[in-house]
Visitor: 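My questions all concern the structure below.
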Amino acid sequence: MNDSYGDGTRVVHSVSGGPGEPYGAQPVFASAYHLGGDDFYGRVGNPTWRALEQALGSLEGGECVVFPSGMAAIMTLLRSVLSTGDTLAVPSDGYFLTRRVVSEMDVKVIEVPTAGPYPSFEGVRLVLLETPSNPGLDVCDIAALADAAHAAGALLAVDNTTATPLGQRPLELGADIVVASDSKAVSGHSDVLFGHVTVASPELAARVRELRTSNGAIPGPFETWLALRGLATLDLRLARQAENAAAIYELLKGRVDGLRWPGAPEDPAYLVAAQQMRRFNGVLTFELPSVEAVDEFLSRLEVVSAATSFGGLHSTADRRAQFGDPVPEGLVRFSAGCEDTADLVADVSQALGLV
Ligand SMILES: *Cc1c(COP(=O)(O)O)cnc(C)c1O
């Protein structure tokens, strides 16, 4: 697609068919096909997967392979790249399950905070970054770390879940691999789990695809279609979510501790974020003094609901330490949704007793 088009045009057209075809790709439910065409068996290939893979691949500038969840994408990627005894670097402050699954693999793991300092990557096979990190929202310099990884002979992967394919294009910044959960903003309606891997190298894409086929962790056509349908409105949703996050940030500034949103010029991550991200999104974090203070905040909210996950239409908030994230007890992850800004600001304001 023409690269000069804006995000709205790109994302809408990434999921639409050609002349004579339905506007949107349709789910194809098939375990077996008449032989002679592109497909023969449902674990190996499906036209609905290919429609979403083309859409995400065109937005991210690489070859995409879809998975039934972010974790299935991450696990298959790790298995595709790592052998027994290899060394892997992962974020110490990133998605908690990634650290858990690598600790159970036969590999050596180095944990590094997203904000650094980073050790030498000598002897490392794969460096996995997560930027902005979930839930701390720290950011690291993808291009600089890709150079350092490549100089040491390592591959560099970026978990791009928080940023989304519109918010950041790691492959253009020098990363070899993008991995993401599309259960968040990409599908965007809190009704489907999904994930994908996008890579620059066709050989690695083939290996990831082969492992998906042999391991059988494949997405259902209906779920794939839900993700496609969600992707089409990603530009609109991100715009409202970022607008809402900016307003909540303004409301909370100076009134809570540990307020983080990489889109705010005051945020410690802003300089690097503004340089490498194409746009910001609706996820912010802040700290309240205690577990009780968070419980009270959540119970007083009316527009925002207490729920985990992020990036959906609905504004949600949750206390991350309850899920085992290594963060202060009172750290709240707030995902600004698509409600009206004034309603959201008023709700957060009353729930914190600011009015
Ligand atoms: C949610 C999430 C995952 C896991 O994705 P699922 O779709 O829940 O399996 C991985 N990485 C990050 C950064 C996430 O936020």
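Everything numeric here is computed off the predicted structure, so don't read it as measured data. Values reported hereafter were calculated over all heavy atoms of this structure, with side chains retained and with hydrogens, waters and symmetry mates removed. In listed order, ligands and their atoms are each counted from 1.
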Visitor: In the protein, which heavy atom is nearest to atom 9 (O) of ligand 1, and how far is it?
Guide: Met71 N, 2.9 Å
Visitor: For Ile74, which part has a heavy atom under 4.0 Å from ligand 1: side chain, backbone, both, or neither?
Guide: side chain
Visitor: Any idea which protein heavy atom is nearest atom 4 (C) of ligand 1, and the distance to it?
Guide: Tyr95 CE2, 3.4 Å
Visitor: Could you go through the side-chain hydrogen bond (donor to acceptor under 3.5 Å, both in side chains) check for Asn244 and Thr341 one step at a time?
Guide: CA-CA 5 Å; Asn244 283 343; Thr341 308; 2.6 Å; yes
Visitor: Nearest heavy atom to atom 12 (C) of ligand 1 wins, so pick from Asp159, Val186, Thr162.
Guide: Asp159
Visitor: What protein heavy atom sits nearest atom 7 (O) of ligand 1, and how far away is it?
Guide: Ser183 OG, 2.6 Å
Visitor: Taking the six-membered ring for Trp, are Trp225 and Phe222 parallel (under 30°), tilted (30 to 60°) or perpendicular (over 60°)?
Guide: tilted
Visitor: Checking Thr162 against Asn134: is there a side-chain donor and acceptor pair closer than 3.5 Å?
Guide: no
Visitor: Regarding Arg10 and Ser14, is there a side-chain donor-to-acceptor distance under 3.5 Å anywhere?
Guide: no
Visitor: Taking both backbone and side-chain atoms of Gly70, is any N or O found less than 3.5 Å from an N or O belonging to ligand 1?
Guide: yes
Visitor: Is it the case that Gln241 and Asn281 place a side-chain donor and acceptor less than 3.5 Å from each other?
Guide: no
Visitor: Give the residue and atom name of whichever protein heavy atom lies nearest to atom 8 (O) of ligand 1, and the separation in Å to one decimal.
Guide: Leu193 CD2, 3.7 Å
Visitor: Which of the atoms of ligand 1 are close to Phe310, meaning less than 4.0 Å from one of its heavy atoms?
Guide: 15 (O)
Visitor: Should Glu130 be counted as touching ligand 1, given the test is an N or O pair under 3.5 Å?
Guide: no
Visitor: Residue-level breakdown please: for Phe194 versus ligand 1, do any non-hydrogen atoms fall below 4.0 Å on the side chain, on the backbone, on both, or on neither?
Guide: backbone
Visitor: With atoms numbered from 1 as shown, which atoms in ligand 1 lie under 4.0 angstrom from a non-hydrogen atom of Thr161?
Guide: 11 (N), 12 (C), 13 (C), 14 (C), 15 (O)
Visitor: Classify the side-chain pair Thr114/Asp93 by whether it contains a donor and acceptor separated by less than 3.5 Å.
Guide: yes
Visitor: To which protein heavy atom is atom 2 (C) of ligand 1 closest, and what is the distance rounded to 0.1 Å?
Guide: Lys184 NZ, 2.5 Å
Visitor: Between the side chains of Glu339 and His314, is a donor N or O closer than 3.5 angstrom to an acceptor N or O?
Guide: no
Visitor: Side chains of Arg99 and Ser92: is there a donor and an acceptor less than 3.5 Å apart?
Guide: no
